[in-house]
Amino acid sequence: MEYNPTELLICIASRQMEDRTSAFIGTGIPMLAAALAKKTHAPELAVVFEFGGIGSLLELLPLAVGGSRTFYKALAASSICDVMEAAQRGLIEYGFLGGAQIDMYGNLNSTVIGDHDRPKVRFPGSGGANDIGSLCWKTISIMRHDRRRFVEKVDFITTPGYLNGPGAREKAGLPAGTGPYRVVTDLALLGFDETSRWMKLLAVNPGITVEQVKENTGFELIIPDKVEENAPPSSEELRLLREEIDPGRLYI
Amino acid sequence: MEYNPTELLICIASRQMEDRTSAFIGTGIPMLAAALAKKTHAPELAVVFEFGGIGSLLELLPLAVGGSRTFYKALAASSICDVMEAAQRGLIEYGFLGGAQIDMYGNLNSTVIGDHDRPKVRFPGSGGANDIGSLCWKTISIMRHDRRRFVEKVDFITTPGYLNGPGAREKAGLPAGTGPYRVVTDLALLGFDETSRWMKLLAVNPGITVEQVKENTGFELIIPDKVEENAPPSSEELRLLREEIDPGRLYI
Amino acid sequence: MKVLETGRGELFLRPDPAADREWLRRNKSWALKNKVMDEKEAIEKFVHDGDYLGTELYGTVRCPMSLAREIIRQGKKNLRVAGQGIMEIEVLIAAGLVSKLDLTYLGYEVLGLSYVLRRAAESGQLKIVEWSNAALAWRLKAAALGVPFLPVKSMLGSDTFNYSAAKVVECPFTGEKLCLLPATMLDVGLIHVHRCDVYGNAQLDGISGFAFELARASRRLILSTEEIISTDEIRKYPDRTIIPYYLVDAVVEAPFGSHPGEMYYLYWRDEEHLRQYLEASREPQTTEEYLRKYVYGVKNNAEYLELIGGEEKLNYIRSLAKGR
Amino acid sequence: MKVLETGRGELFLRPDPAADREWLRRNKSWALKNKVMDEKEAIEKFVHDGDYLGTELYGTVRCPMSLAREIIRQGKKNLRVAGQGIMEIEVLIAAGLVSKLDLTYLGYEVLGLSYVLRRAAESGQLKIVEWSNAALAWRLKAAALGVPFLPVKSMLGSDTFNYSAAKVVECPFTGEKLCLLPATMLDVGLIHVHRCDVYGNAQLDGISGFAFELARASRRLILSTEEIISTDEIRKYPDRTIIPYYLVDAVVEAPFGSHPGEMYYLYWRDEEHLRQYLEASREPQTTEEYLRKYVYGVKNNAEYLELIGGEEKLNYIRSLAKGR
């Protein structure tokens, strides 16, 4: 069955989440991925939005992290402090992130290109990203995969990944055991080596070669001997996405 | 018109509060005093109870600072943190206190007589008293007046008065400009000297002499040249107390 | 921002947000699981000897009495307790189960002092550390925030501070002195609510006291509830959920669970029974007799309600409750 | 607990709870005073050139747009702003009124970046200090607590910290590193609410965002409200009062006051108008034209609502709102 790149990203992201856990959800792909996970392998995944929506059924697609659909038929409509403090207490398992740049340690930039005070490009800023990247157990980044974005050194660490390597998060005072978990791109699924904290290729997307991934990455990736290939979206996944989750095609 | 000692205490306490301000109210005499003030000279006095009741009309007399009557027809039914934080921000003008002992600097003991870990008498403890005495602008204590209670040195400073003298509160880190304002007793109305922070006689109750006050005080009081005499409860005050405020005579 | 002073009181539970994070991750679940059980099962499962326990609210108001009575029946020993509840804490002390108390206030306001506290404290049997009401609420708030302390302007300069486990530091932003209150993440929290669903999504009417904070500052949380409602109702008014389900370990249906205390809008406090208890609490022997009759002598909350006067008494205290 | 690091960002407003206490005592009133006025009077009275201003909520949701437009009409200059609102902050920047920004996020989520922010930042015209969403909410919470800072575990190790005005210290209880966020007591806060009475006792439906904190972290507070209700109604449901009257300086009746943003349960966001604005915001000249037409070109909120489509448009966006 035909599918577009967004549908592929959504399906791969959705497969990263375990059932009966919680995920901090932004609008766009993470939200669709969470909705898909809830309709497939993770019906009791609890979705949490940063301004207070907790446990929505995601029957309606939110357009904004503070919007009314984030708590439509939710279990709680609370506040940003409540939700962020839950994350600070260690209650939120997954967090989704994006950004303009990512480096080999999973540090993310969504603030500026160039000098901070007179930037070449100004991006929106951290928003909740720094909090999510600091406080959730596992963060999943969703990125376009090219050398402008996958860089040796990000211009600005908006959101901490493993900073400059093993132990650096803990040394900075960030909660132990947290950090980047997966990077989902249009080319591949990536993780992080347990010891070196370097980004590691886990699987290529259908039709993509390891070489293509390397060519589009501005730093050296760990390439294991055996690289899996991600399964394409199943017809059931596509049906759910198109007919139930986003029938108005707002995002896909 | 005849009146009992409780009625007198209530009337004198009630006269200490200005209109359009706020007062932290405990159950018992302070609450009746506030209700009386609202029906006489201070209709817009806002009564605040420490577990979250704000702006009640006091149509029904609360029996407990956390009880339902503290927010019956109130303007807000909030939480202890909200109310205490309002006090910490400087929003609460008056606070009422009581205790087993008070000294010349207005320090109050409602914790123990004797050694803390093996006390001769154990009292209930601070409750909200320490917070009220630390954070409200003006505290008003209501006490039985005798030498066991008005002592040179309290066994335990549950609630800070002026501690050991001028500047001591500020030095301890307590908010500037706060502290004991009045002490209302069955014998007299007392205040505190602006400079020395010593307790000062302001007025004797009807029929009480300055000598009697001195005899019943375990430390040296400042006695000004001119000591006023408190007006007895007016017939209107008594009528309001007996017919409107506490018709069931729960307290008076 | 160096430490200028430290209270001499024992810190019964050292703040450790990092350990709490690990514990909560391992033990709390976001699964939508039916958690309804009776008092017996809830206390057996989630309260252990030596636990640090906290309750909500204050005085004789919205108190989780049916849970407290079950703790006594099961004889959970050596409890350390955050003493800002009142009546439900007092009965635990009366039954000899509390060894250490972070105390703010124990007494009956206009009804007078606590005889039980006096005996326990004056005999030296109960170890007490002092705090103010706000301080204890703020200590729970610090734990709810997931941080080791909160800075405040209360407690300073007093013996309440000196006999606490707080610290004084100099503020790195303003230079002023601040009191730092250590966070308290309870082993187990008990809250009595107006209504919740089977998962534990709970609503409260009236003042919320410190329910919000205590629910978030408890590793294990037991709710007793006047009523169990549908999850559809919860989803219709998500802005009324004060305690969301993932904080909750057990839901105990306990109508009149606050008796002899009151429950806002539902029933008034039972003055007659309360005075009977207070009278009994004057002496060890009569206290023991009270416990034998009203706690050990009944199997569960239903039997207790029958014993204190059954339908007639319950209708009476219900009739005294004020509406909105 | 010594200071280990300090971000290099400017602290636009030094935390000073002692000064805030004095100010609030002198200027806030517990009197039950009718505070209803229109946007013009409220902004004239309570917003001044150079003020540090904050708004609630986030994105295009429950935004005090009618107040923001009036600020532009009155040309309040040199504002310092806490940038956690979005659309209402962006139009202030677009009108050239903001000199300094404590920024968390300015953009339109799935609708893309903010052209206005890009121009203002890339030209160096706008001085920006970085924070996270939670950090800014917690800074308001610190001010609401009446203390100079809150310790948190966010921001650490990042450039977001390096370009903030936060500090890192060692915790005196646990030894761990903590980020201390300085409190932000705003000169003036703007919040759009569902309903309030003439004194300012306000209720909100749905998530409360950071309305609770911002209301308590504002020296002056202006509420705009979809509807004014009776004080009897407030007194009937005191547990619904999120913002009590003594925090409030002005009550502005502003139906559809969040337009083109949405208002929970009442109306959906006006996608058509929002896209028209975003298209206009691409270039300075078209931005200026937009402001000329929709802000400077109207006298008040009623004229604005007429201009954007009147009853027909309002009925349409109302019809798209979801109930509970």
Side-chain angles (χ1 to χ4, degrees), chain C residues 1-6 11 14-21 134 138 141-142 145-154 165-183 194 203-208 212 232-233 235-242 264-265 323-324, chain D residues 1-6 11 14-21 134 138 141-142 145-154 165-183 194 203-208 212 232-233 235-242 264-265 323-324:
Chain C
M1 195 171 167
K2 73 168 199 265
V3 174
L4 305 172
E5 287 176 69
T6 298
L11 190 52
R14 203 175 63 83
D16 191 349
D20 294 332
R21 280 183 62 95
W138 281 325
K141 185 168 185 159
L145 265 144
V147 297
F149 66 82
L150 273 188
V152 304
K153 296 295 280 179
S154 191
K167 293 180 187 290
V168 175
V169 299
E170 193 181 284
C171 174
F173 289 98
T174 65
E176 72 194 297
K177 278 188 188 170
L178 295 168
C179 174
L180 301 194
L181 299 170
H194 284 80
Q203 302 178 347
L204 281 172
D205 295 332
I207 56 171
S208 59
F212 184 95
D232 284 350
E233 189 67 13
R235 289 194 186 275
K236 195 164 175 191
Y237 297 99
D239 40 9
R240 297 289 312 276
T241 304
I242 290 180
Y264 308 142
Y265 304 120
R324 284 185 180 266
Chain D
M1 196 171 167
K2 72 168 196 264
V3 174
L4 305 173
E5 287 176 70
T6 297
L11 190 52
R14 203 174 64 82
D16 191 349
D20 294 333
R21 281 182 62 93
W138 282 326
K141 185 168 185 160
L145 266 144
V147 297
F149 66 82
L150 273 188
V152 304
K153 297 295 280 181
S154 192
K167 293 179 187 291
V168 175
V169 299
E170 193 179 285
C171 174
F173 289 99
T174 64
E176 72 193 299
K177 279 188 187 168
L178 295 169
C179 175
L180 300 195
L181 299 171
H194 285 79
Q203 302 179 347
L204 281 171
D205 295 331
I207 56 171
S208 60
F212 183 94
D232 283 350
E233 189 67 13
R235 289 195 187 274
K236 194 164 176 191
Y237 297 98
D239 40 9
R240 295 289 311 276
T241 304
I242 290 180
Y264 309 142
Y265 304 119
R324 283 183 181 267

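Both backbone and side-chain heavy atoms feed into the values below; hydrogens, waters and symmetry mates do not. Below, read A as the first sequence line, B as the second, and so on, with proteins coming before strands; counting in each chain starts at 1.
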Scored by heavy-atom pairs under 4.5 Å with chain D, the best of C:Leu180, C:Thr6, C:Leu204, C:Val3 is C:Leu180

When the 4.5 angstrom heavy-atom criterion is applied to C:Glu176 and chain D, the contacting part is side chain

Per-residue tally against chain D (heavy atom, under 4.5 Å) across C:Leu178, C:Val169, C:Leu145 peaks at C:Leu178

Okay, D:Ala165 and chain C: the region with an atom under 4.5 Å from a heavy atom over there is backbone

C:Gly206 and C:Tyr265 have their tightest heavy-atom pair at N-CE1, 3.8 Å

By salt bridge (charged side-chain N to carboxylate O under 4.0 Å, His left out), D:Asp205 pairs with (sequence neighbours left out) D:Arg195, D:Arg240, D:Arg324

Residues at least two apart in sequence or cross-chain that pass side chain to side chain contact (heavy atoms under 4.5 Å, CB included) with D:Pro15, listed by chain then number, are C:Phe173, D:Leu11, D:Pro148, D:Pro182, D:Ala183

In short, C:Ala166 meets C:Leu181 closest at the heavy-atom pair CB-CD2, 4.2 Å

